[in-house]
Amino acid sequence: MAAFAQEQLDALVNGMYREGFLDEQFQQIRALDEGGSPDFLVELLGLFCADTDRMLNEAALLLNQPIVDYKKVDAYFHQLKGSSASVGAHSFKLTCMLVRDSCDKNDKESCLEALNLAKQRFYELSKRLNIMIQLEQAVYAHKAGK
């Protein structure tokens, strides 16, 4: 069972690299996970997903106001860009940069389009990360003899 879960996990991660979802930073984090706490990666990815979902919703609320505070929206995407870079979420990081560019132009329509793209990319990333978390937990459980 553990070997099958490990094979699925490796295939998922390799596919995410090929498709541009992940970059070398993720490899470094995964290497840290192997040497330290077995739950490190699972906890980090869970926090990343929860925080990102919350910030995307808050940014959407700001963009749907009659008068948009582009600096606040930009601040959310600055933070999202940093957190996505720190976990190696490459394609999402690039999308955050698009939103920030739209904020610099004070262009509400462009911001909303970029936000929708960011949401789509995040939800696809999140779906895959949640599968990864489940597989990681299955591999850890087997290694721990659970």
Contact summary for [X] and [Y], nearest pair of heavy atoms:
X      : Y      : answer
Leu62  : Lys72  : CD1-CB, 3.7 Å
Cys111 : Cys103 : SG-N, 3.5 Å
Val73  : Ala59  : CG2-O, 4.4 Å
Leu135 : Ala5   : CD2-O, 4.0 Å
Ile133 : Gly46  : CD1-N, 3.9 Å

> So Lys108 and Glu113, salt bridge (charged side-chain N to carboxylate O under 4.0 Å, His left out) or not? Walk me through it.
Replying inline: CA-CA 9 Å; Lys108 186 173 184 172; Glu113 288 174 12; over 6 Å; no
>> Just to verify, which of Gln27, Arg18, Met132 counts as forming a side chain to side chain contact (heavy atoms under 4.5 Å, CB included) with Val13?
In response: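 Single side chain to side chain contact (heavy atoms under 4.5 Å, CB included) partner of Val13 among Gln27, Arg18, Met132: Met132.
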Between [X] and [Y], does any side-chain donor sit less than 3.5 Å from a side-chain acceptor?
X      : Y      : value
Asp23  : Tyr17  : no
Ser91  : Arg121 : no
Gln134 : Asn130 : no

> How many angstroms lie between CD1 in Ile131 and OG in Ser126, if you round to the nearest 0.5 Å?
Replying inline: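 Ile131 atom CD1 to Ser126 atom OG measures 10.0 Å (nearest 0.5 Å).
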> What's the spacing between Asp53 CG and Glu58 CD if we round to 0.5 Å?
Replying inline: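 If we round to the nearest 0.5 Å, Asp53:CG and Glu58:CD are 10.0 Å apart.
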Should [X] and [Y] count as side-chain neighbours, where that means a heavy-atom distance under 4.5 Å?
X      : Y      : value
Ser83  : Phe48  : yes
Met16  : Leu125 : yes
Ile29  : Phe40  : yes
Arg128 : Glu19  : yes
Tyr123 : Thr52  : no
Phe122 : Cys49  : yes
Arg30  : Glu136 : yes
Leu115 : Tyr76  : no

Membership question, hydrophobic clusters at under 4.5 Å side-chain separation (ILVMFWY): are [Y] and [X] in the same one?
X     : Y      : result
Phe21 : Leu12  : yes
Leu98 : Leu112 : no
Leu47 : Leu22  : no
Met97 : Phe92  : no

> Around Met55, counting heavy atoms of other residues, nucleotides and ligands shown, do more than 12 lie under 6.0 Å from its CE?
Replying inline: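 Above 12, so yes.
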>> Just checking Lys81: does its NZ atom have more than 12 heavy atoms from other residues, nucleotides or ligands closer to it than 6.0 angstrom?
In response: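 Atom NZ in Lys81 is not crowded, with 12 or fewer foreign heavy atoms closer than 6.0 Å.
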> Under 3.5 Å, side chain of Gln25 to main-chain N/O of Val87, donor-acceptor pair present?
Replying inline: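 No: the side chain of Gln25 does not pair with the backbone of Val87.
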> Any donor-acceptor pair under 3.5 Å linking the side chain of Asp74 with the backbone of Tyr70?
Replying inline: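 Pair absent, no side-chain N/O of Asp74 close to backbone of Tyr70.
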>> side chain to side chain contact (heavy atoms under 4.5 Å, CB included) for Phe26 and Leu41? Distances and angles first, verdict last.
In response: CA-CA 10 Å; Phe26 183 79; Leu41 184 64; 4.0 Å; yes
> Does the pair Glu124/Lys119 count as a salt bridge with the N-to-O cut at 4.0 Å?
Replying inline: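 The answer is no: the pair does not qualify as a salt bridge.
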>> Apply side chain to side chain contact (heavy atoms under 4.5 Å, CB included) to residues Arg54 and Leu56 and explain how you reach the verdict.
In response: CA-CA 6 Å; Arg54 178 186 54 78; Leu56 285 172; over 6 Å; no
>> Is there a side chain to side chain donor-acceptor pair (under 3.5 Å) between Gln6 and Asp10? Walk through the geometry before answering.
In response: CA-CA 6 Å; Gln6 186 65 54; Asp10 292 342; 2.9 Å; yes
